[in-house]
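Have a look at the structure below, then the notes.
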Amino acid sequence: MLTDTSKKYNLDFSECKYLGEIHQKIQTILELPDWYGQNLDSLWDAITGIMYLPAEITIIFQPQTAQPLQLSDEVDKIIAVFKEAADEFGEIALDIVI
């Protein structure tokens, strides 16, 4: 359940040029440990067991150049992991801005 004490996270991938940049941003903003594996399985584990909950997460992906746009498929996979976690756990509110 979300409360007034829910932590708010804004993940803006719009200017990321490489998949590694996206995972570094996730790791930094969600305050994940150094051993975060920077892949979809590790992302699931982090969302469901490491990061602070309850949480309100906004994911923004509005690339203005070709290189970030090439990451669209990868960003879609990352969004799918967040959506699945939000559906499964009532402590995550998700807003997608595309």
Side-chain angles (χ1 to χ4, degrees):
M1 176 189 313
L2 298 176
T3 66
D4 290 338
T5 61
S6 295
K7 184 111 177 190
K8 292 176 176 52
Y9 300 102
N10 289 311
L11 297 168
D12 188 346
F13 305 138
S14 301
E15 294 183 20
C16 293
K17 295 178 182 153
Y18 305 99
L19 181 57
E21 279 183 86
I22 291 173
H23 280 288
Q24 287 173 352
K25 187 166 282 215
I26 290 169
Q27 184 174 3
T28 301
I29 292 174
L30 298 184
E31 302 169 8
L32 301 178
D34 291 339
W35 45 264
Y36 167 65
Q38 297 193 357
N39 59 57
L40 297 177
D41 289 334
S42 293
L43 178 59
W44 173 261
D45 292 343
I47 296 170
T48 61
I50 299 173
M51 68 175 250
Y52 179 88
L53 293 175
E56 296 177 36
I57 301 169
T58 300
I59 298 176
I60 303 164
F61 187 61
Q62 298 180 320
Q64 302 298 312
T65 61
Q67 194 164 7
L69 189 58
Q70 293 174 1
L71 293 172
S72 293
D73 290 342
E74 295 302 322
V75 171
D76 288 345
K77 292 174 188 174
I78 289 168
I79 289 171
V81 171
F82 277 100
K83 282 183 178 179
E84 185 177 345
D87 289 344
E88 194 165 318
F89 299 93
E91 293 185 301
I92 299 171
L94 188 61
D95 185 27
I96 308 297
V97 180
I98 296 181

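All values below come from the heavy atoms of this structure, side chains included, with hydrogens, waters and symmetry mates left out. Quick caveat: nothing in here was measured; it's all calculated off a predicted structure.
Of all non-hydrogen atoms in Thr48 and Phe89, the two that sit nearest each other are CG2-CE1, 3.2 Å. Taking each heavy atom of Tyr18 and Leu71 in turn, the nearest pair found is N-CD1, 3.7 Å. Closest approach of Leu40 to His23, counting heavy atoms only: N-CE1, 4.5 Å. Contact between Pro63 and Pro68 at its shortest, heavy atoms only, is CB-CB, 3.6 Å. Between Glu21 and Glu15, the shortest heavy-atom distance links the atoms OE1-O, 4.5 Å. Annotation for Asp12 and Lys25: closest pair O-NZ, 3.0 Å, computed over non-hydrogen atoms.
Put simply, Phe13 and Val97 are part of two different groups of oily side chains (I, L, V, M, F, W, Y) that touch within less than 4.5 Å, one to the next. Cluster annotation: Ile29 is connected to Ile79 through the hydrophobic network of ILVMFWY side chains, with a link wherever side-chain heavy atoms come within less than 4.5 Å. Hydrophobic clustering, with ILVMFWY side chains joined whenever heavy atoms are under 4.5 angstrom apart, groups Leu30 together with Tyr52. Transitive grouping of hydrophobic side chains (ILVMFWY, heavy atoms separated by less than 4.5 Å) brings Tyr9 and Ile98 into a common cluster.
Atoms NZ and CG, on Lys77 and Leu19 in that order, are 9.0 Å from each other to the nearest 0.5 Å. Atom CD1 in Ile26 sits 6.0 Å away from atom CG in Leu11 (nearest 0.5 Å). Between atom CZ of residue Phe61 and atom CD1 of residue Ile78 there is a gap of 9.5 Å, rounded to the nearest 0.5 Å. Taken to the nearest 0.5 Å, the CD1 atom of Ile57 stands 10.0 Å off from the CG atom of Asn10. Atom CD1 of Ile50 sits about 6.0 Å away from atom CG of Leu32, to the nearest 0.5 Å. One distance of note links CD1 of Ile47 with OG of Ser42; it measures 11.0 Å at 0.5 Å rounding.
In this structure, Gln38 contributes its side chain and Tyr36 its backbone to no donor-acceptor pair below 3.5 Å.
Counting heavy atoms from C-beta on, the side chains of Met51 and Lys7 never come closer than 4.5 Å. Counting heavy atoms from C-beta on, the side chains of Trp44 and Glu88 come closer than 4.5 Å.
For Thr28, there are no side chain to side chain contact (heavy atoms under 4.5 Å, CB included) partners two or more places apart in sequence or in a different chain.
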